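For reference, the structure discussed in these notes is given below.
Order of the sequence lines fixes the chain letters, A, B, ..., with proteins taken first and strands second; residue numbering starts at 1 for each chain. Bear in mind that the values here come from a model prediction, so they are computed numbers and not experimental data.
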2 protein chains.
Amino acid sequence: MKTKILIVDDEQDIQDVLRFVLEDAGYEVESTGRGDEALALAKAHQPDLVILDIGLPGLSGLDLCPLLVDLSIPVIVLSSHDRDDQIIEGLEVGAEDYVSKPFNLKELLLRIEKIIRRTRGGEAAQLITIGSLVVDLRRQQLFIDGVEINLTPTEYKIIEILAKHAHTPVSSETLLQQVWNADEWIQGTEMVKVNISRLRKKIEADPANPRYLLNRWGYGYLLTNS
Amino acid sequence: MKTKILIVDDEQDIQDVLRFVLEDAGYEVESTGRGDEALALAKAHQPDLVILDIGLPGLSGLDLCPLLVDLSIPVIVLSSHDRDDQIIEGLEVGAEDYVSKPFNLKELLLRIEKIIRRTRGGEAAQLITIGSLVVDLRRQQLFIDGVEINLTPTEYKIIEILAKHAHTPVSSETLLQQVWNADEWIQGTEMVKVNISRLRKKIEADPANPRYLLNRWGYGYLLTNS
DNA sequence: TTGAATTGTTACGATTTTGTAACTTGCGCC
DNA sequence: GGCGCAAGTTACAAAATCGTAACAATTCAA
């Protein structure tokens, strides 16, 4: 899959240059000059990285940046002037990196690559290991002692969330929100219970005395191994 | 635990300034001007971050950087001149970030924080330690001498509140409010009494002569160890 | 269209926690 | 010491939570 980059800059020249260079470097490029459109595009197309000019007309780059960070999309901020306080604003606002215009294209490319490598990381970030449990986030699979366990999509989502909070309990409410996108659902807790039970049948040697998938009374569940 | 930073720069002035600023910001700082010594220090003391001048005499910063990266220690590269090719070299060599001299101190601090947050990300355990008692706020667990104590939700809430006010008494009324959200409840004091009793059975060796969970006559309770 | 896999619902027993009451103990003060 | 009140203990009933089975609905692919 090609890496998608979204360029947000009101200067058409910059857009064109960046697009040319980035496409040449093998990236898939989208671009816009408007802040509000940028947010919509980011939400719709889920780019791997946004290059954002801080001096946008309309919805300012400084306002836009935290919104993008919330979507967990890394941002490189461009500023028109090489002023220290703009650098600082850019970093404070949650940007992954900062480049000031006029910029060296090779430097920009290197910084892009660094961020891409880090975020979609060299498979280290893709595997979560908890004792003899291994969750492969990329393939969406669970292994126990190297043996693949066949999970339904719902079951996998639960495991993934619990694995991301390894050894620490996750509340049933959080599970409901993250797995079913349900903030309030009368039957919700039932659903959690049932699926936990189904999961244990698959991953526990003795489902009645679970070793991995434990309950915290009155709170929720946790994935552990000790 | 304090975050450790290793400064590698042959200019004594820079070393001094950085040490002063970073220590003021709450970091533990070591510094050296020699590249070979830097590597030894990094191996011995496992700093969380290295600030590395690229223009070192002897073992060059450019050579040193990949070695540090191999130890999976993040590096911020400093360069004496604002030359594009040095930036690029710094990034190519695996540095996490690049700052050129003369640098803005606030910017440097922000870049440091960003890297620290990213590398030791998320897992910062919130622990309150009172003698041999340890309250893990994230896992909602209590440990005594490293042994996990099984608490009910109510019991844990009480411990958490008392732990947050370690060594100072908390009134029964405050407990009622914080644990049961009850401003006035006739039977409230009974509830506090009973739960304190239940707690002591779990955490005290001799519940009749408590060592940790003490009473302040006519007022409330406190958690201590002396 | 059929059938298997998945998901959602309901019910119920087992277990654990919580609230209440009765009673005992212990502190502080006269 | 004796009194009053706060604190501690115990036992029991009520309530909440948990685990599981059985069954209905939905989805998806053959």
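- Dashed line: the shortest gap from a side-chain N or O of B:Tyr156 to OP1 or OP2 of C:dT17 is not under 4.0 Å.
- Of the candidates C:dT10, D:dG19, C:dA21, C:dA21 carries the atom nearest the B:Glu190 side chain, counting heavy atoms from C-beta on.
- Nearest nucleotide to the side chain of A:Asn215, out of C:dT18, D:dT9, D:dC18: D:dC18.
- Rounded to an integer number of Å, the gap from CG of A:Leu175 to P of D:dT17 is 16 Å.
- Minimum atom distance to the side chain of A:Met191 is reached by C:dT9, of the listed C:dT9, C:dG19, D:dG19.
- Rounded to an integer number of Å, the gap from B:Asp206 CG to D:dG8 C1' is 13 Å.
- Out of C:dA11, D:dA7, C:dG19, the shortest distance to the side chain of B:Trp217 is found at D:dA7.
- In this structure, the NZ atom of B:Lys157 is 9 Å from the P atom of C:dG19, given to the nearest Å.
- Side-chain nitrogen and oxygen atoms of A:Trp180 include at least one within less than 4.0 Å of the OP1 or OP2 phosphate oxygen of C:dG8.
- Taking a cutoff of 4.0 Å between a charged side-chain nitrogen and a carboxylate oxygen, B:Asp136 and B:Arg138 do not qualify as a salt bridge.
- Atom CG in B:Asn150 sits about 10 Å away from atom C1' in C:dT16, given to the nearest Å.
- Salt bridge present: A:Arg111 and B:Asp97 bring a charged side-chain N and a carboxylate O closer than 4.0 Å.
- At C:dT7, one or more side-chain N or O atoms of A:Thr152 fall inside 4.0 Å of OP1 or OP2 (strictly under the cut-off).
- Side-chain N/O atoms of B:Tyr219 include none lying less than 4.0 angstrom from OP1 or OP2 on C:dC27.
- Comparing atom distances between the B:Arg198 side chain and each of C:dG19, C:dT7, D:dA7 picks out C:dG19 as nearest.
- Recorded end-axis angle for the helix from C:dT1-D:dA30 to C:dC30-D:dG1 stands at 30°, based on five pairs per end and rounded to 10 degrees.
- Between A:Arg200 and A:Leu214 the shortest heavy-atom distance is NH1-CA, 4.2 Å.
- With hydrogens and angles ignored, no donor-acceptor pair under 3.5 angstrom links the side chain of B:Arg216 to the base of C:dG28.
- Nearest to the side chain of B:Pro153, among D:dT9, D:dG19, C:dT18, sits C:dT18.
- Closest of all the heavy-atom pairs between A:His167 and B:Arg139 is O-CD, 3.4 Å.
- In this structure, A:Val135 and A:Ala163 approach most closely via the heavy-atom pair CG2-CB, 3.7 Å.
- Distance NZ (A:Lys202) to C1' (D:dT20): 16 Å, rounded to an integer number of Å.
- Atom C1' of nucleotide C:dT7 and atom CG of A:Leu176 are separated by 14 Å, given to the nearest angstrom.
- OP1 or OP2 of D:dA21 has at least one side-chain nitrogen or oxygen of A:Lys201 nearer than 4.0 Å.
- Using a cut-off of 4.0 Å between Lys/Arg side-chain N and Asp/Glu carboxylate O, A:Lys193 and A:Glu190 are scored as salt-bridged.
- Distance, B:Asn195 CG to D:dA11 P: 17 Å, rounded to whole Å.
- A:Lys193 has its NZ atom 15 Å from the P atom of C:dA14, to the nearest Å.
- Checking D:dG19, D:dT9, C:dT18 against every side-chain atom of B:Thr154, the shortest atom distance belongs to C:dT18.
- Between A:Lys4 and A:Glu23 there is no salt bridge, since no side-chain nitrogen of the basic residue lies less than 4.0 Å from a carboxylate oxygen of the acidic one.
- More than 12 non-hydrogen atoms from other residues, nucleotides or ligands lie less than 6.0 angstrom from CZ of A:Arg19.
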